[in-house]
Amino acid sequence: MDKKYNPKEHEEKIYKRWEKSGFFNPDNLKNTEKGNYSIALPPPNVTGSLHMGHALNTTIQDIVARFKRMRGKKVLWLPGTDHAGIATQNVVEKMLQKKGKTRHELGREKFIEKVWEWKEKYGNIILDQLKKLGASCDWSRTRFTLDKKYSKAVEKTFIHYYKKGLIYRGPRIVNWCPRCSTAISDIEIKYKEEKGKLWYIKYPLENKDGFITIATTRPETMLGDTAIAVNPKDKKYEKLIGKKVILPLAKRKIPIISHHLVDKDFGTGALKITPAHDNLDWKIGQENNLEIINVIGPDAKMTKEAGKEFKGLSVKDARKKVVEKLKKENYLQKVEDYPHKISLCDRCSSPIEPQISTQWFIKMEQLAKPAIKAVAQKRVNLLPKRYQRVYLDWLENVKDWCISRQLWWGHRLPVWFCENEKNKQCFVVSSEKPKKCKKCGATKFKQSNDVLDTWFSSALWPFATLGWPEKTKDLKEFYPTSFLSTARDIIYLWVTRMVISGLEFLNKIPFKDVYFHSTILSIDGQRMSKSRPKANVNPLDMIDKYGTDATRFGLMYSMSFGQQAIKFDERNLKASRNFINKLWNISRFIDMQLENKKIEIKNIESKTLADQWILSRLNKVIKNTTDNIQNFKLGEASDELYDFIWHEFADWYLEISKIQTQNPETKNSTLKILKLILCNIIRLLHPFIPFVTEVLYSQFNPLDELVMIAPWPKHKKEFQKEKIEKEFQIIQEIVNHIRSEKIKHYKIEKQEYKKLLTQKPKLRELIKSLTKIELEI
RNA sequence: GGACGGUUAGCUCAGUUGGCUAGAGCGUCUCGUUUACACCGAGAAGGCCGUAGGUUCGAGUCCUACACCGUCCACCA
C-alpha cells in the first residue's frame, strides 16, 4: 500500500467495477428479502451543469441508497433529466442568435430539431457528472421528460383533468415575460428591490373644480386607466364615489368606484385602475365590469390604444414621456423616491409585464385537498418538520395554475382547434388528431401551438418514469417511492404537485419521506451564482483537488439536519481529505501488522480493558450511525464516524495495540480486534466515501467481493458496556493529565482511580507504556 | 405586512429531553521524526454562548421583548 491515498488512481476504476457488477440495477441484487427501496432522482435540467447543490443532493441520495442496499433492500435509484422548457429553449435561441438567426426564421419544426440536436449533444453531461460523484443510479432506467412514453403519460394526464372539468381556457391577466414571449406562473417570478419613484398625479373631477390625486409607480399605465378606486370606509372620498374624473392626457371620462382591497393608508388612498396591466386592477375591474384597455403589447411596447404619440415606445420611454407631459400640463403634484420590488422572469430576469391573454388553467382547490390530508396525516413525512407548515400554507391558499406556455420546446397541448370560419374558439381535446368535431362539425383541425409548463410534466416524475400509465412490473414494485431529497425552493413548483398527481392518478402518495436539504452558499453568506465566479465553487474542481470521497464527506461533515444554509467552507474538504488519508494509513498499519496472515474474525477474545472498550465503542457507533442514517441525519453520522475513527480508534486503540502485540499472550486477539474494527468501519463509511472504502475492502478481502453489497454492520448490544467505557475514561484522564503537566512522577490521589488501578494492576503498566512515567499509588 | 431560520473561540460550525469545568475542524503558539500517517503525533492559548428581562436549586439549552443577518410568502398601487 502507498503511503498516501491517491483518489485519481482508483476512482474511475472502481466506478467501472460497480457498473460492471450490475448491482446499480435492483434486478441483479441478491438477498433482497428486506423489501424494496426506491428513489427518483430529482431530474436535473438538460441545460444544467453540476453545481454544489447537485453535489450535496446527490451525495445525500447516494448515501441513503448505498445504506439501504447494504441493509438488504432491493434498491432502485432512478435517474433522468428534465427537458426544462423555457431554460432549454433560451439556450438554443441564444446559440442561434450568435449565428444571426431567430427561431422564427427557422420555423417551429426545424427549431425543435435543433433543440433535440443540442439535447443529444449536451443533455447528458450532467448525468456523467453525477457518475463522477459516485452516484449509484440504475443508468439502464434513465428517463427524459420528453421520451415518447413519458409524453404519452403527460397527454393522458391533461385529458384526464380536462374530462374531469378541472382544466379551463380563457382570457385572464397573466405574468407575461416579453423576452420569452410566454405566460409564466406566479411561482416562476422572482423579485428585485429597485429604487423607484412614486408619482402623484391629479385627476380633475368632471364638471367641478378640484381633483383627486392618485399615487403610482407606473405612470405609463395611466393611458389604460378605466377607473379610480377608493376604500368604501375612507371618509375623505365618501362623497366622490360614483362621480367621474377626466383622465389626464387621454381625456377619457372614468368613474370613481369603491373597493375594499384599496388601502386607504397608501399614497393618497386613491388607486388608479388599469385592468389590463395589473393583477389587483384586473380583479377590481372584473368585479365592476370595467372596460379593459390594452396599452402595452406582448413585446413590452406601447400599443396604438395608448395613443398615437406613445405607440411603439418602450415602457421606459413611454414613462418618461407621460411624466413630461403631465408636468407640462400641470397634472403632476409631486414625486417621491420610493424603493419597491419589481417582478422579474425567473429564467431570464426580464421585467414581467402583466398582460391579458388567453391561457389554459387548472383548478387547484379540489386537487389540493387530498394532498393537504396526506401531509397532515403524516402519510408523507416532510423533513425538517417546519416545512410541513410551508407546504400546507401554500396548498390551503392555492390558486389556479396557468399551465400553457407560448413556447415551442415542450409537450404540445393535446388540443385541436376546429378550422371552422364561424367558430374559432371551438376545439377538441384528444391525444390523436380528431376526425370530426361533435360540437361544430369541423373536419379540419390545427393543434394548439401552446406547450405545457415544464412542471406539469415533472409532476408525474415518480410514476411516469416507472412506466405509468401502463401497469408495469416496475410501477408495481417501486411505487410509491421511498425517499425524495430536494431543495426547499421547489416545494411549490414540484413537491406539492407530485403529491397531487400521485394521489390523483395512483391513489397513493408518491414518496414516504421527503428531506429538504440545506442551501449551499458561498463562504460570505451569499448565494452562489454565475455572476460572481470567484465565490462560485465548482464541485468538479473540488473533486479534482481533494477527490470525490473527500468532497462528499466534506459536504456531509458541514451539514447538520435542520439547518437552512451551509456556508461552503473548503477547509472542511481539506479536513475530509486528511481524514480519508488517516483511514488509509490506519488500514496500512493494520495490513502491516497482519503480515499477510489470514486472520479470521471469529471467536473474538477481549483480553484487556482497551479491547473491551473499543468493542463497546464500536457497537455504540454502529447503533448511532444506523439510527442517524435512517433519520437522514447524515451530518451527525459523519461527525461521529470521524471522531470515533480518528480520536478513539487511531489515537488510542492503535497506540495501545502496539503494546499488546508485543506480548504473545495478547498478540493474536489484538490483531483480530484490529481487523474486526477496521472491517466494520469500512462498511460504516462506505455510503459516505464509497471509493476508498471499496479499495480498502479489496485489500482485506482477496475474494472479488464488493463492499457495495456487503452486509451492513450489526449492532451487538452485549459488547456495549458502560462500566468499561467509564474505566477506560479514567485511564484517558490520567494519561492526559500526565501529558499536559509534563510531569515525571505522578501520584494518584483520587480514591476512584486508586481503586481501579489496584484492582487491575495491568493498567498501571499500560499507563507507564503510554507515558513513560512511573505511577505512585 | 406575515411566517420561518440564524446569531456560541480569529474563521466555519457542533451542542438531543435544562446538569457544561461550553466542544470540533482550520488558524496561532510550544514541543516532537516513537512499529501507519507531517494530509502526522503530544500539548497550550483563545468564549459574559447577539442584547435586556423572566422561569428554575441550576439556562448556550425553556419563556417574553428587542437588535442585526438570511430565506420564503402577500393584491404595499
Side-chain angles (χ1 to χ4, degrees), chain A residues 1-6 173 186-187 190-191 196 198-199 214-219 221 228-229 259-263 265-274 277-284 338 340-341 354 384 386-387 389-390 393-394 397 399 488-489 491-492 518-519 521 523 525-527 546-547 550 554 557-593 633 635-636 639-640 642-643 646-647 650-651 654-655 657-659 661-662 674 735-736 738-742 770-772:
Chain A
M1 285 173 85
D2 294 337
K3 221 171 168 182
K4 272 183 189 168
Y5 173 63
N6 180 4
I173 191 144
D186 293 341
I187 39 186
K190 59 185 177 189
Y191 297 93
L198 197 57
W199 283 272
I214 58 89
T216 179
T217 55
R218 299 199 60 189
T221 60
I228 280 184
H259 197 279
H260 68 281
L261 285 178
V262 178
D263 180 356
D265 297 324
F266 185 92
T268 61
L271 173 63
K272 68 185 223 33
I273 303 293
T274 323
H277 302 292
D278 182 272
N279 281 303
L280 177 62
D281 294 8
W282 159 264
K283 191 175 167 180
I284 294 175
Y338 183 66
H340 71 296
K341 280 175 187 167
R386 70 184 118 98
Y387 291 114
R389 199 62 263 155
V390 178
D393 282 348
W394 191 74
N397 301 297
K399 287 185 221 147
R488 66 174 182 284
D489 49 327
I491 295 181
Y492 307 143
S518 326
T519 311
L521 306 175
I523 199 150
Q526 305 270 97
R527 202 173 263 282
Y546 303 105
Y557 194 70
S558 12
M559 196 168 86
S560 67
F561 180 74
Q563 115 257 58
Q564 174 175 295
I566 296 171
K567 283 185 214 157
F568 179 77
D569 188 345
E570 199 173 323
R571 289 175 298 184
N572 281 330
L573 302 206
K574 205 172 165 187
S576 302
R577 184 256 265 141
N578 295 353
F579 169 64
I580 287 160
N581 197 240
K582 187 78 184 177
L583 174 72
W584 181 261
N585 275 291
I586 289 169
S587 309
R588 198 161 78 98
F589 171 74
I590 294 172
D591 192 48
M592 287 160 87
Q593 294 294 306
K633 300 195 167 178
E636 289 77 354
D639 278 5
E640 187 171 353
Y642 181 102
D643 276 351
W646 199 317
H647 298 307
D651 287 353
L654 235 64
E655 292 308 317
S657 82
K658 289 174 186 172
I659 301 158
T661 48
Q662 303 290 39
L674 281 173
V735 171
N736 288 342
I738 293 171
R739 283 172 176 167
S740 68
E741 303 290 319
K742 288 180 186 163
L770 291 171
T771 61
K772 312 218 154 51

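These numbers were taken from a predicted model, which means no experiment stands behind them. Residue numbers start from 1 in every chain, and the chains themselves are labelled A, B, ... in the order their sequence lines are given, proteins ahead of strands.
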Base, sugar-phosphate alone, or nothing: which one does [X] contact when heavy atoms must sit under 4.0 Å apart?
X      : result
A/R386 : sugar-phosphate
A/D263 : base
A/D281 : nothing
A/K190 : nothing

>> I want to confirm an ordering. Mapping A/R389 and A/A575 to their closest nucleotides on RNA chain B, which one lands closer to the 5' end?
In response: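 Comparing both residues, the 5'-ward one is A/R389.
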> For RNA chain B, whose closest nucleotide is more 5', that of A/G525 or that of A/D393?
Replying inline: A/D393
Whole angstrom is fine here: how far is it from [atom1] in [X] over to [atom2] in [N]?
X      : N     : atom1 : atom2 : value
A/R488 : B/G6  : CZ    : P     : 12 Å
A/K341 : B/C75 : NZ    : P     : 12 Å
A/L521 : B/C72 : CG    : P     : 11 Å
A/I173 : B/A77 : CD1   : P     : 15 Å
A/D643 : B/C13 : CG    : C1'   : 13 Å
A/M559 : B/G6  : CE    : P     : 16 Å
A/Q563 : B/C69 : CD    : C1'   : 16 Å
A/Y546 : B/G25 : OH    : P     : 17 Å

Span that lies between the [atom1] atom of [M] and that of [N], in whole angstrom:
N     : M     : atom1 : result
B/G41 : B/C4  : C1'   : 46 Å
B/A3  : B/C13 : C1'   : 26 Å
B/A22 : B/A9  : P     : 14 Å
B/G54 : B/U61 : P     : 14 Å
B/G23 : B/A45 : C1'   : 16 Å
B/G50 : B/U12 : P     : 15 Å
B/C62 : B/G18 : C1'   : 7 Å
B/G25 : B/U34 : C1'   : 26 Å

>> Here's one to test your reading of the geometry: is the NZ or CZ of A/K658 within 45 degrees of the ring axis of A/F589 and under 6.0 Å from its centre?
In response: yes
> When the ring planes of A/H340 and A/Y338 are compared, do they come out parallel, tilted or perpendicular, using 30° and 60° as the limits?
Replying inline: parallel
> Which class fits the ring pair A/Y492 and A/W394: parallel under 30°, tilted 30 to 60°, perpendicular over 60°?
Replying inline: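 Because their plane-to-plane angle is under 30°, the rings of A/Y492 and A/W394 count as parallel.
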> Tell me, for nucleotides 36-41 of chain B in 5' to 3' order, what letter each nucleotide earns: B for a base near a protein heavy atom under 4.0 Å, S for only sugar-phosphate near one, - for neither?
Replying inline: BB-BSS
> So how far is it from A/L261 CG to A/D281 CG, rounded to the nearest 0.5 Å?
Replying inline: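 Between atom CG of A/L261 and atom CG of A/D281 there are 11.0 Å.
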> When rounded to the nearest 0.5 angstrom, what distance separates CG in A/L674 from CG in A/D591?
Replying inline: 12.0 Å
>> Under a 3.5 Å threshold, yes or no: a donor from one side chain and an acceptor from the other, between A/D643 and A/H647?
In response: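 Side-chain D/A pair, A/D643 to A/H647: absent.
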> With no hydrogens and no angle check, do the side chains of A/R488 and A/T519 hold a donor and an acceptor under 3.5 Å apart?
Replying inline: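 Present: a donor and an acceptor within the cut-off.
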>> Checking A/F561 now: which residues fulfil ring-ring contact (aromatic ring centres under 6.0 Å, His included) with it, not counting sequence neighbours?
In response: A/Y515
> Between A/N581 and A/R577, does a side chain to side chain contact (heavy atoms under 4.5 Å, CB included) hold up when you go through it step by step?
Replying inline: CA-CA 6 Å; A/N581 197 240; A/R577 184 256 265 141; 5.6 Å; no
>> Within the 4.5 Å heavy-atom criterion, are A/T217 and A/W199 side-chain neighbours or not?
In response: no
>> On a heavy-atom basis, which atom in A/L521 and which in A/A565 lie closest, and how many Å separate them?
In response: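 Distance-wise, the nearest heavy atoms are CD1-CB, 3.7 Å.
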>> Can you see if the side chain of A/Y557 gets near the phosphate of B/A14 - specifically, an N or O under 4.0 Å from OP1 or OP2?
In response: no
>> With a 4.0 Å cutoff (strictly under), does any side-chain N or O of A/T217 reach OP1 or OP2 of B/A77?
In response: no
> According to the Watson-Crick and G-U wobble definition with distances under 3.5 Å, which dot-bracket string, read 5' to 3', encodes RNA chain B, using [ ] for crossing pairs and | for pairs with another strand?
Replying inline: (((((((..((((.....[...)))).(((((.......))))).....(((((..]....))))))))))))....
